[in-house]
Enquirer: 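Pasting a structure here, questions to come.
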Amino acid sequence: MSEVVLRPAARADAADMLALYAPYVLQTTVSSEYAPPTLEVFCGRMRDYTQQLPWLVCTVDGTIVGYGYAAPHRTRAAYQWSVETSIYVAPAWHRHGIAGAIYAALFELLAMQGYYNIYVGITSPNERSMKFHKAMGFIISGAYQESMYKFGQWRDVLWMGKSLRPHEGEPQPTVPFPVIRDSPLTARVLRQAAQRVHL
């Protein structure tokens, strides 16, 4: 029986993650980049973001089949309790619950850290992604009309958001992910989320 593992990403995963991401850049409008980043740049992103936020990989029998992460929504102080998320799954592994498993883990981990909001930008048209995010509890927040130009066409970017907790009282400072990364609670969250994957 195949083994599914959901775990924090490591530097050694970067090349495989980049290989999974590159076709999204070159062949789709899911990514707003024109060219895949170099491995050095990709590792720099991982290093910078994971000082505060989780990057997760999903493996099947040791092979990375998907990954997802949180990044700052905005850099100014008042936005510090909001993040943006991105998830990429290898085409051969679509419809196996991998994206849902990664999101389930991110929701719990980010809530544990003290975050309140998650946002995702979806290049239009992408009905499949919209339906998926609605099923995961996101609601439409708005759109940036004709804000992205790729493959010879101006495209709208639809924004969807999800609340992780009630917006009551003054928020406390968020906890950096490395503080909880190796905790038993994080291990339980990742283990339970991995059970959502169906092979």
Side-chain angles (χ1 to χ4, degrees), residues 8-9 11 14 17-18 21 24-25 28-38 40-57 66-89 99-100 102-126 129-130 132-150 154-181 186 189:
R11 168 63 181 80
M17 295 165 69
L18 179 55
Y21 173 59
Y24 281 94
V25 176
T28 79
T29 58
V30 170
S31 169
S32 57
E33 296 191 272
Y34 283 175
T38 64
E40 180 181 9
V41 169
F42 191 83
C43 289
R45 292 176 186 176
M46 286 185 64
R47 181 182 62 251
D48 292 345
Y49 289 149
T50 55
Q51 293 179 35
Q52 178 68 27
L53 294 161
W55 279 45
L56 306 177
V57 294
Y67 75 94
Y69 62 90
H73 175 59
R74 292 288 187 272
T75 57
R76 294 187 177 180
Y79 289 105
Q80 65 186 278
W81 295 276
S82 298
V83 299
E84 294 179 22
T85 51
S86 298
I87 294 178
Y88 301 97
V89 176
I102 293 171
Y103 257 141
L106 285 175
F107 294 161
E108 287 204 55
L109 295 175
L110 290 165
M112 286 165 54
Q113 290 180 257
Y115 288 96
Y116 280 71
N117 310 298
I118 295 179
Y119 298 102
V120 61
I122 301 171
T123 309
S124 182
N126 192 335
S129 183
M130 286 182 59
F132 167 71
H133 281 89
K134 286 180 181 178
M136 295 301 297
F138 286 78
I139 61 172
I140 295 174
S141 300
Y144 294 165
Q145 287 83 13
E146 298 184 325
S147 59
M148 185 175 128
Y149 185 84
K150 190 171 182 181
W154 286 103
R155 301 172 189 274
D156 296 346
V157 177
L158 178 75
W159 284 91
M160 301 184 75
K162 177 182 173 71
S163 294
L164 296 173
R165 62 175 71 237
H167 294 71
E168 299 172 352
E170 183 175 350
Q172 298 301 306
T174 56
V175 176
F177 182 66
V179 173
I180 65 169
R181 173 189 169 115
T186 294
V189 167

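Basis for what follows: all heavy atoms, side chains included, without hydrogens, waters or symmetry-related copies.
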Enquirer: Any pair with a residue in residues 111-124 that passes salt bridge (Lys or Arg N to Asp or Glu O under 4.0 Å), sequence neighbours left out, goes on the list, sorted by first then second residue, please.
Expert: none
Enquirer: List the residues meeting side chain to side chain donor-acceptor pair (under 3.5 Å) with Y21, not counting sequence neighbours, and say none if there are none.
Expert: S31, E33
Enquirer: For residues 164-173, which residue pairs qualify under side chain to side chain donor-acceptor pair (under 3.5 Å), counting only residues two or more places apart or in two chains?
Expert: N117-H167
Enquirer: Who passes side chain to side chain contact (heavy atoms under 4.5 Å, CB included) against P72, sequence neighbours left out?
Expert: Y49, L53
Enquirer: Could you list the residues that satisfy side chain to side chain donor-acceptor pair (under 3.5 Å) with Y119, not counting sequence neighbours?
Expert: none
Enquirer: Return the set of residues passing side chain to side chain contact (heavy atoms under 4.5 Å, CB included) with D48 (not counting sequence neighbours), or none when no residue passes.
Expert: Q51
Enquirer: For the aromatic rings, using the six-membered ring if either is Trp, is the centroid distance between W154 and Y149 under 6.0 Å?
Expert: yes
Enquirer: If the condition is side chain to side chain contact (heavy atoms under 4.5 Å, CB included), which residues does S32 pass it with, not counting sequence neighbours?
Expert: M148
Enquirer: Residues two or more places apart in sequence or in another chain: which of them pass ring-ring contact (aromatic ring centres under 6.0 Å, His included) with Y103?
Expert: F107, F132, H133, F138
Enquirer: Under the rule for ring-ring contact (aromatic ring centres under 6.0 Å, His included), what residues qualify as partners of F177, not counting sequence neighbours?
Expert: none
Enquirer: Would you please name every residue forming a side chain to side chain donor-acceptor pair (under 3.5 Å) with T123, sequence neighbours left out?
Expert: none
Enquirer: Going by side chain to side chain contact (heavy atoms under 4.5 Å, CB included), name the residues that satisfy it together with A104, two or more places apart in sequence or in a different chain.
Expert: A193, R196
Enquirer: Just jot down the side chain to side chain donor-acceptor pair (under 3.5 Å) partners of R74, sequence neighbours excluded, or say none.
Expert: Y144
